[in-house]
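This report refers to the structure that appears directly beneath it.
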Amino acid sequence: MTRFCIAGDGRFPQKGVARSKGVVVLKIKRHIVFLSLLLSLTLTALGQEEEGLLDLDLEQLMSLDVIQVTIPGAHWHWEDDWMIGYQYVQQHWRGHQSGTRRLSDQEVLKQFPITHERMTMHMHMLMFMHGNSDELTFMAMVPYMEMDMPHLTRQNTTFTTRSEGLGDIQLSAILPVYDEYPHRIQVESGISIPTGSVSVSDLNGRPGHLEYAMQLGSGTFDLRPKLTYLGQTDKLSWGAQARAVVRVGKNSEGYARGNIYGLTTWISPAVTKDFSPSLRIDAQHWGNVRGIDTAIPVANPAAVAGLQGGERVDLLLGLNYGAGVDDEGHGHRFSIEGGVPIYQNLRGPQLRTEFIIGGAWQWTF
Ligand SMILES: [Cu+2]
């Protein structure tokens with residue numbers, strides 16, 4: 001029986017190739033260079049596609065493997081397959097923006113007694129997947145968060161707040177709804193459980209709760225539906241995913257984080273059987289906080305419920321590698337991905353994203 005694991009970004013046209021999406025810290029002008037490079041790689045791959053396919057028999061085609069490792073759950077598993085994985089994501093914010101306009105620290109300090117110079121988030125996530133049957137895959141994700149925020153006051157003094165701990169555990173069911181070479185479509189029905197704290201105070205003992213973005217979870221049960229399209233030939237994989245995070249009700253502190261609506265699309269030419277770079281664009285809109293946590297001191301913009309929403313488009317570059325993945329899709333996959341925003345529009349003053357970088361490992365057996 002042929003098996004394969006279609007993963008996240010659907011990058012790999014070849015079985016056993018792990019894909020990674022990576023975004024690298026780049027200056028905006030360099031995006032054009034990378035886009036051109038990816039485009040030429042893609043065109044080359046497309047040009048070779050027809051000939052390449054002739055080299056494969058039907059059995060091989062069926063076992064081609066689409067894996068976008070850095071997009072959790074962008075694949076399904078076949079009956080009795082297991083997968084464990086680990087993903088690390090680091091996001092950096094630096095400086096403020098209001099709408100699309102950048103603000104200096106001094107401009108923010110005219111409105112608030114305190115501003116943030118930057119923020120850093122590290123997310124470590126354990127992933128588990130199991131093919132209950134060919135028609136149903138279960139997934140669980142357990143995140144561990146670490147965040148810090150250096151502050152600058154009008155008196156020109158600085159201090160840093162930190163938070164760390166378990167985030168919101170996510171559970172989902174993935175259902176393949178279409179599988180005709182070279183296209184696949186899957187629906188994911190997910191939920192997150194409010195296991196992450198929403199009453200985190202500063203580890204250094206400052207009074208009150210930390211700002212909304214520094215809390216470890218949403219505090220609400222969140223619906224997390226996704227619709228994923230995956231495409232793959234032996235030379236190229238591509239895909240798109242629509243996602244939403246919808247908060248149900250309000251949390252114990254009297255608010256709900258804004259809903260999130262995102263759309264991502266990617267393309268990944270196979271350079272060798274096991275290696276492929278990837279280019280991904282991710283667009284998202286997130287709403288303001290609904291309600292107010294009155295335990296958060298309103299001394300800086302990140303403490304204001306109405307200054308949390310925004311839109312952002314990120315450009316991400318990745319590298320994907322599959323280590324000894326066999327015909328059944330079993331084996332180890334690695335990927336790294338990094339990116340920068342190419343557009344941000346923020347209900348500000350709000351911290352602006354500077355870059356995102358991360359990596360993932362998945363083992364299917
Ligand atoms: Cu998996």
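Atoms within a ligand are numbered from 1 in the order they appear, just like the ligands themselves. Residues take their numbers from the sequence shown, with the count starting at 1.
Paired with His96 under the rule side chain to side chain contact (heavy atoms under 4.5 Å, CB included), one option of Glu107, Arg102, Arg352, His116 passes, and it is His116.
Residue His77 approaches the Cu ion (ligand 1) most closely through its N/O/S atom NE2.
Residues Val289 and Leu216 do not share a hydrophobic cluster, clusters being chains of Ile/Leu/Val/Met/Phe/Trp/Tyr side chains in contact below 4.5 Å.
Because the distance cut-off is set at 2.8 Å, Thr364 fails to qualify as a neighbour of the Cu ion (ligand 1), as none of its N, O or S atoms comes that close. At least one N/O/S atom of Met83, whether from backbone or side chain, sits less than 2.8 Å from the Cu ion (ligand 1).
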Assess whether salt bridge (charged side-chain N to carboxylate O under 4.0 Å, His left out) is satisfied between Asp148 and Arg162, documenting all intermediate values. CA-CA 4 Å; Asp148 64 74; Arg162 292 184 53 235; 5.8 Å; no
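The ring of Phe355 has its center closer than 6.0 angstrom to the ring center of His92.
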